[in-house]
Amino acid sequence: MRLIILKDYNSVSTRSAAYVASQIRKANPSSENPFILGLPTGSTPLGMYRELIRFHREGIVSFKNVITFNMDEYVGIPENHPQRYHNYMSKNFFEHIDIPTENVNILDGNAQDIELECAAYERKIMQYGGVNLFVGGIGANGHIAFNEPGSSPESRTRVVTLSENTRAANSRFFVNDITKVPETALTVGIGTILDSGSVMLIVTGNNKAHALRMGVENGVNDIWPISHLKLHPNGLIVCSEETTGELKSETVSYYKEIEKSNTAPDNLYKD
Ligand code: PGA
């Protein structure tokens, strides 16, 4: 697992966008052989989307032959709510790039049969041969997508109950009223994410410092879903300096040392 530690939120945004763009370019996707990209929502990836839009405008990357699968969606959220992830994704990313509408996949939390919706989503990912790159964030409780503490590494796309911790954190998007945050959601599983060719988690904000420590310095365990990334051969965490506050100084210097000699194409975008 790589851990890239950068100065601040803006550096994380540029670097994570550079990683996505470089992976797409390297794959040289076509309509017969598209690039399959898993995407997150929340506050953290907003800067990455802004940078990807900029790269697109500068001609660095095209999304014409990219198929996206979003990680999760609330159950029963009103169709016009800004936090409905369909709306979030259009406004913050899709309407600014060249991705064909039919290439976008987002779970429908208002489907008649949500169990069926999850099974069909998982099947569709498999039909494409799996996800090439899954991008995610983490919660302060270490969740990835809406896989809350205790989720199995074998888990697949399914209906989940959100933890009090997650609902409290997300209440800022629901007029600070936790009772307005849906209690259930649909999410890809940890197994779905770990099956991807590579996985990049972006972590900023000092409220994520404890979760980062549990993911990096602790063993793999179900109570800290982030820790399952260690099992992935191409796992990458891009984080800001402020999130490393609970890591041992030896851990921080070790990962910084490794990255100094890394010549991967995304390293071209150093700050
Ligand atoms: P955030 O959410 O980016 O809004 O902090 C991340 C998450 O809960 O996975």
Side-chain angles (χ1 to χ4, degrees), residues 13 16-137 145-146 157 173 182 185-188 192-193 195-198 200 202:
S13 300
S16 53
Y19 188 76
V20 173
S22 68
Q23 295 291 304
I24 296 172
R25 286 172 58 108
K26 196 164 80 185
N28 193 20
S30 59
S31 51
E32 298 77 42
N33 193 16
F35 187 88
I36 316 299
L37 178 64
L39 291 174
T41 51
S43 311
T44 315
L46 287 171
M48 178 190 74
Y49 289 136
R50 182 197 67 215
E51 290 295 88
L52 280 172
I53 294 166
R54 180 169 71 83
F55 290 165
H56 169 63
R57 289 191 178 139
E58 290 173 1
I60 294 170
V61 66
S62 164
F63 297 88
K64 251 193 193 110
N65 294 313
V66 173
I67 310 265
T68 62
F69 283 89
N70 261 77
M71 300 190 117
D72 44 23
E73 178 60 290
Y74 293 109
V75 168
I77 189 162
E79 300 275 322
N80 59 357
H81 196 290
Q83 276 303 304
R84 182 172 180 250
Y85 292 156
H86 288 73
N87 302 332
Y88 168 107
M89 289 305 297
S90 306
K91 175 168 173 268
N92 295 305
F93 192 37
F94 295 142
E95 63 186 45
H96 308 283
I97 57 169
D98 60 346
I99 192 163
T101 319
E102 63 274 19
N103 288 14
V104 168
N105 297 280
I106 305 180
L107 285 155
D108 182 2
N110 294 319
Q112 281 270 318
D113 185 334
I114 50 178
E115 308 268 351
L116 206 66
E117 171 72 9
C118 292
Y121 203 71
E122 187 75 34
R123 205 165 42 244
K124 195 165 180 191
I125 292 176
M126 303 246 179
Q127 278 163 359
Y128 279 113
V131 171
N132 295 111
L133 165 64
F134 229 123
V135 182
F146 275 140
T157 307
F173 302 121
L186 309 183
T187 182
V188 297
T192 321
I193 297 169
D195 275 356
S196 311
S198 52
M200 172 174 67
I202 47 180

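Because the structure is a prediction, the values reported are computed rather than measured. All values below come from the heavy atoms of this structure, side chains included, with hydrogens, waters and symmetry mates left out.
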**Asked** Side chains of Ile24 and Val66: does their closest heavy-atom pair fall under 4.5 Å?
**Response** yes
**Request:** Find the distance between CZ (Arg57) and CD1 (Ile97) and round it off to the nearest 0.5 Å.
**Result:** 10.5 Å
**Minimum side-chain heavy-atom gap Leu107-Asn70 below 4.5 Å** = no
**Request:** List for me each residue that meets side chain to side chain contact (heavy atoms under 4.5 Å, CB included) alongside Asp108, sequence neighbours excluded, and say none if there are none.
**Result:** Arg84, Asn110, Ala111, Glu117
**Asked** Do you know the tightest heavy-atom contact between Met48 and Met200?
**Response** SD-CE, 4.4 Å
**Asked** Any donor and acceptor pair, going by atom type alone, linking the side chain of Thr192 with main-chain N or O of Val188 inside 3.5 Å?
**Response** no
**Message:** Checking Phe146 against Glu73 for the side-chain contact (heavy atoms from CB on, under 4.5 Å) test, could you report, in this order, the C-alpha distance in whole Å, the side-chain angles of both residues, the deciding distance, and whether it holds?
**Reply:** CA-CA 9 Å; Phe146 275 140; Glu73 178 60 290; over 6 Å; no
**Asked** So, do Leu37 and Val20 sit near enough that their side-chain heavy atoms are less than 4.5 Å apart?
**Response** yes
**Message:** Around atom CD of Glu95, are there more than 12 heavy atoms from other residues, nucleotides or ligands closer than 6.0 Å?
**Reply:** yes
**Message:** If the condition is side-chain hydrogen bond (donor to acceptor under 3.5 Å, both in side chains), which residues does Asp98 pass it with, not counting sequence neighbours?
**Reply:** Ser62
**Message:** Pair Tyr19, Leu133 - check side-chain contact (heavy atoms from CB on, under 4.5 Å), show working.
**Reply:** CA-CA 10 Å; Tyr19 188 76; Leu133 165 64; 3.8 Å; yes
**Prompt:** Does any non-hydrogen side-chain atom of Val135 lie less than 4.5 Å from one of Ser16?
**Reply:** no
**Message:** With heavy-atom distances below 4.5 Å as the criterion, would you say the side chains of Thr101 and Phe94 are in contact?
**Reply:** no
**Prompt:** Parallel, tilted or perpendicular for Tyr85 and Tyr74, by the 30°/60° rule?
**Reply:** tilted
**Request:** Give the C-alpha distance, both sets of side-chain angles, the deciding distance and a yes or no for side-chain contact (heavy atoms from CB on, under 4.5 Å) between Asn105 and Ile67.
**Result:** CA-CA 8 Å; Asn105 297 280; Ile67 310 265; 3.5 Å; yes
**Request:** Could I get the full list of side-chain hydrogen bond (donor to acceptor under 3.5 Å, both in side chains) partners for Asn132, not counting sequence neighbours?
**Result:** none
**Message:** Do Asp72 and Leu186 have side chains that approach each other closer than 4.5 Å (heavy atoms only, starting at C-beta)?
**Reply:** no
**Lys124 side chain reached by Phe69 side chain, heavy atoms, under 4.5 Å** = yes
**Prompt:** With no hydrogens and no angle check, is any side-chain donor or acceptor of His96 less than 3.5 Å from a backbone partner on Lys91?
**Reply:** yes
**Prompt:** Where do Val104 and Ile99 land on the side-chain contact (heavy atoms from CB on, under 4.5 Å) test, with the steps shown first?
**Reply:** CA-CA 8 Å; Val104 168; Ile99 192 163; 4.1 Å; yes
**Item:** Listed partners of Asn103 passing side-chain hydrogen bond (donor to acceptor under 3.5 Å, both in side chains), at least two apart
**Value:** none
**Request:** Calculate, to the nearest 0.5 Å, the distance between atoms CD1 and CD belonging to Ile60 and Glu51 respectively.
**Result:** 9.5 Å
**Summary of ring pair (Phe, Tyr, Trp, His ring centres under 6.0 Å) pairs that have at least one residue in residues 23-46, sequence neighbours excluded** = none
**Item:** Centroid separation Tyr88 to Phe173 less than 6.0 Å
**Value:** no
**Any Asn87 side-chain heavy atom under 4.5 Å of Pro82 side chain** = no
**Exercise: do His86 and Glu79 side chains pair donor with acceptor under 3.5 Å** = no
**Prompt:** So which heavy atom on Ala145 is nearest to which on Thr187, and how close?
**Reply:** CB-OG1, 3.2 Å
**Request:** Kindly check if the number of other-residue, nucleotide or ligand heavy atoms within 6.0 Å of CZ (Arg50) is above 12?
**Result:** yes
For residues 39-46, run the donor-acceptor check on the side chains, cut-off 3.5 Å, and write out each pair with its distance to 0.1 Å, sequence neighbours left out.
residue : atom : partner : partner atom : Å
Ser43   : OG   : Arg172  : NH2          : 2.6

**Fill in**
Looking only at heavy atoms, the pair that brings Pro100 and Phe63 closest together is CD-O, 3.9 Å
**Prompt:** Could Arg54 and Glu58 be called an ion pair, given the rule that one side-chain N must be under 4.0 Å from one carboxylate O?
**Reply:** yes
